[in-house]
Amino acid sequence: MQRTVFDEDHEAFRKTVRDFIAKEVAPVQHEWEADGHPPRDFYRRLGELGILGIQAPEEYGGGGESSIKFNAVVAEEVAAAGASFGSYSVHTNLILPYLMEYGTDEQKQRWLPGFCSGDLMFAIAMTEPGTGSDLANISTTAKLSEDGSHYVVNGAKTFITGGVLADRVLTVCRTAPFDPENRRAGLSILVVDTTTEGFAVGRKIEKIGLKTSDTAELSFTDVRVPVQDLLGEEGKGFSYLTHNLAQERLTIAFGASATAAAALQHALAYTKDRKVFGKPVAAFQNTKFVLAECSTELQAVQLMVDNALELHDRGELTVPDAARAKLFSTEAAGRIIDKCLQLHGGYGYVLEYPIARLYADTRVSRIYGGTSEVMKTIIAKDLGL
C-alpha cells in the first residue's frame with residue numbers, strides 16, 4: 001500500500017540523513033558500540049545538520065517545523081542502515097516538548113540554542129531504583145533553601161538514557177511531602193546542570209541491545225539547583241509528564257515500525273542470496289509464506305503509525321490512541337523481527353548481521369515509555385473498564 005504521510009521535503013531530508021549515515025556513522029558504528037556511546041562531538045555534527053532542533057523555533061537555531069514527521073524519517077533511515085544515533089531520540093523527541101511547553105522565555109534563551117547545536121545535550125530522569133512505571137512513587141526530594149534561592153536535591157535515578165554525556169538533566173523530584181491520599185501531588189521538574197557539586201554519574205548500565213545509547217545510574221547528594229531552573233510550576237510535574245506521554249509513545253511506535261521495516265528488507269535480501277539444497281532460501285514455500293506474513297503485518301503497523309503521525313501534527317493524538325499505537329507496533333515489530341531472524345538461520349544470531357542488532361535493540365520497546373501491560377491498562381480505562 002502506498003504511503004502518503006511524507007512529501008517532497010521529507011524525502012529530500014531523508015536523502016541528507018541517509019548520506020550522512022553512510023559517510024559518518026556506519027563506518028564507525030562498531031567503535032561506538034564498544035565505547036557505549038558516540039563521541040561527544042557527534043551530537044554537534046547532528047546540530048550542524050539541523051537534525052537535533054527540527055521542531056525548535058528558528059530564533060533559537062532550530063528548523064521551525066511543527067511536524068514530527070521529519071523525526072520519523074530519521075528513525076527510518078537509522079534503522080534501515082542498522083545504525084544508531086546514541087541518545088539522539090531522547091534529546092530531540094522527548095525533551096524538546098517539555099522545554100517548549102513549560103520553559104520560560106528566559107529559559108528558552110539559555111537552553112534552546114545549545115540544544116539545537118548539540119553543545120547542550122539533555123536527558124530526563126524519572127525512573128528510580130524502586131520506581132518503574134509507578135511515577136507517583138518517586139522519592140527523590142528537592143527542598144527549597146531558607147532564603148528561597150535554590151532547591152537542594154537528594155536521591156537516585158536509574159535507567160537514564162543519555163545520562164553519561166548529558167549536560168542538563170530534567171529531574172523529577174518531590175518538592176512537597178509525600179501524600180498517600182494523592183500520590184501524584186508535589187512532583188516538580190528541575191533542570192539540573194550536571195557540573196553541579198553533588199551530582200554524579202554512577203554505574204553505566206550494560207544492556208543486551210542499544211549499545212550506543214548510554215544508560216546510567218545518577219545520584220544527587222545535596223545538589224543545589226537555582227529556582228530559575230524549575231521547569232513550569234512547582235507541584236505540576238506529574239501532569240507535565242502525562243501531557244508529554246503521547247509524543248513519547250508515538251516516538252517509540254514509529255521507531256518500532258522503522259526497525260520492523262528494516263528487518264523485512266534484510267530478510268528479503270538474505271533469503272534471495274543464501275542457497276540451501278541447491279536453491280535460494282527464498283524459493284521455499286515456507287519462506288515465501290513467512291515473508292508474506294511479515295509484509296502484511298508491517299503494512300498494518302505503518303498504517304497505524306502514519307495515522308498517529310497525522311493526528312499528532314493536528315494536535316489530536318490522545319494518550320489512549322498513542323498507547324494503542326505503541327502497543328500494536330512494538331508487539332508486531334517483535335514478531336516480525338523474530339521471524340526475519342529465523343530465516344537467517346544461525347547467521348541471524350551473529351552480531352555481524354544487522355538482523356541480530358535489530359532483534360536485541362527492539363526488545364526494550366515493549367518496556368520503556370510504559371510497558372505493554374501499562375498500555376493495555378490505559379486502553380482498558382479508555383474503554384470504560
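Around NE2 of His30, the count of heavy atoms belonging to other residues, nucleotides or ligands within 6.0 Å does not exceed 12. The environment of Lys275 atom NZ is sparse: at most 12 non-hydrogen atoms of other residues, nucleotides or ligands sit within 6.0 angstrom.
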Does the pair Phe85 and Phe42 meet the rule for a ring-ring contact (aromatic ring centres under 6.0 Å, His included), with working shown? CA-CA 9 Å; Phe85 274 9; Phe42 168 70; 5.5 Å; yes
Between Asp167 and Arg40, is the salt bridge (charged side-chain N to carboxylate O under 4.0 Å, His left out) condition met? List the steps. CA-CA 11 Å; Asp167 302 290; Arg40 183 61 180 79; 2.6 Å; yes
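With a 4.5 Å cut-off on side-chain heavy atoms, Val153 and Phe199 do not count as touching. Thr127 is listed as a side-chain neighbour of Thr158, based on a closest heavy-atom distance under 4.5 Å. Side chains of Tyr151 and Glu234 form a contact here, defined as non-hydrogen atoms less than 4.5 Å apart. Residues Asp313 and Leu309 have side chains not in contact (no heavy-atom distance under 4.5 Å, counting atoms from C-beta outward). Side-chain atoms of Met100 and Pro57, non-hydrogen and from C-beta on, do get closer than 4.5 Å to each other. At a threshold of 4.5 Å between non-hydrogen side-chain atoms, the residues Phe70 and Val17 do not count as touching. Counting heavy atoms from C-beta on, the side chains of Leu112 and Leu96 come closer than 4.5 Å. A heavy-atom distance below 4.5 Å is found between the side chains of Ile68 and Gln55.
The stretch residues 253-273 participates, sequence neighbours left out, in no salt bridge (charged side-chain N to carboxylate O under 4.0 Å, His left out) pair at all.
Side-chain contact annotation: Ser87 with Tyr43, donor-acceptor N/O pair under 3.5 Å present.
Residues forming a side chain to side chain donor-acceptor pair (under 3.5 Å) with Thr141 (at least two apart in sequence, or on another chain): none.
Judged purely by atom type and a 3.5 angstrom limit, Lys326 has no side-chain atom pairing as donor or acceptor with the backbone of Glu248. Between the side chain of Thr212 and the main chain of Glu33, no donor-acceptor pair closer than 3.5 Å is present.
Ring-plane geometry between Tyr347 and Tyr270 is classed as tilted, the angle between the planes lying from 30 to 60 degrees on a 0 to 90 degree scale.
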Identify every side-chain donor-acceptor pair in residues 214-221 under 3.5 Å, counting partners at least two apart or on other chains, and give the distances.
residue, atom, partner, partner atom, Å
Asp214, OD2, Val164, N, 2.9
Asp214, OD2, Leu165, N, 3.2
Thr215, OG1, Lys207, NZ, 3.2
Thr215, OG1, Ser213, O, 3.2
Glu217, OE2, Arg203, NH2, 3.0

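Remark: aromatic rings of Tyr98 and Tyr240 are distant, center separation not under 6.0 Å.
A salt bridge between Arg14 and Glu77 is present, with a side-chain N of the basic residue lying under 4.0 Å from a carboxylate O of the acidic one. The pair Asp338-Arg335 fails the salt-bridge criterion, with no side-chain N (NZ, NE, NH1 or NH2) lying under 4.0 Å from an Asp/Glu carboxylate O. A salt bridge is defined here as a Lys NZ or Arg NE, NH1 or NH2 lying under 4.0 Å from an Asp or Glu carboxylate O, and Arg3 with Glu76 meets this definition. Under the 4.0 Å criterion applied to side-chain N and carboxylate O atoms, Arg324 and Asp382 are assigned as salt-bridge partners. Between Asp41 and Arg45 no salt bridge is recorded (no basic side-chain N to carboxylate O distance below 4.0 Å).
Linking Ile, Leu, Val, Met, Phe, Trp and Tyr whenever their side-chain heavy atoms come within less than 4.5 Å puts Leu231 and Tyr60 in one cluster.
Among Val223, Val169, Val201, the one residue that satisfies the side-chain contact (heavy atoms from CB on, under 4.5 Å) test with Thr194 is Val169.
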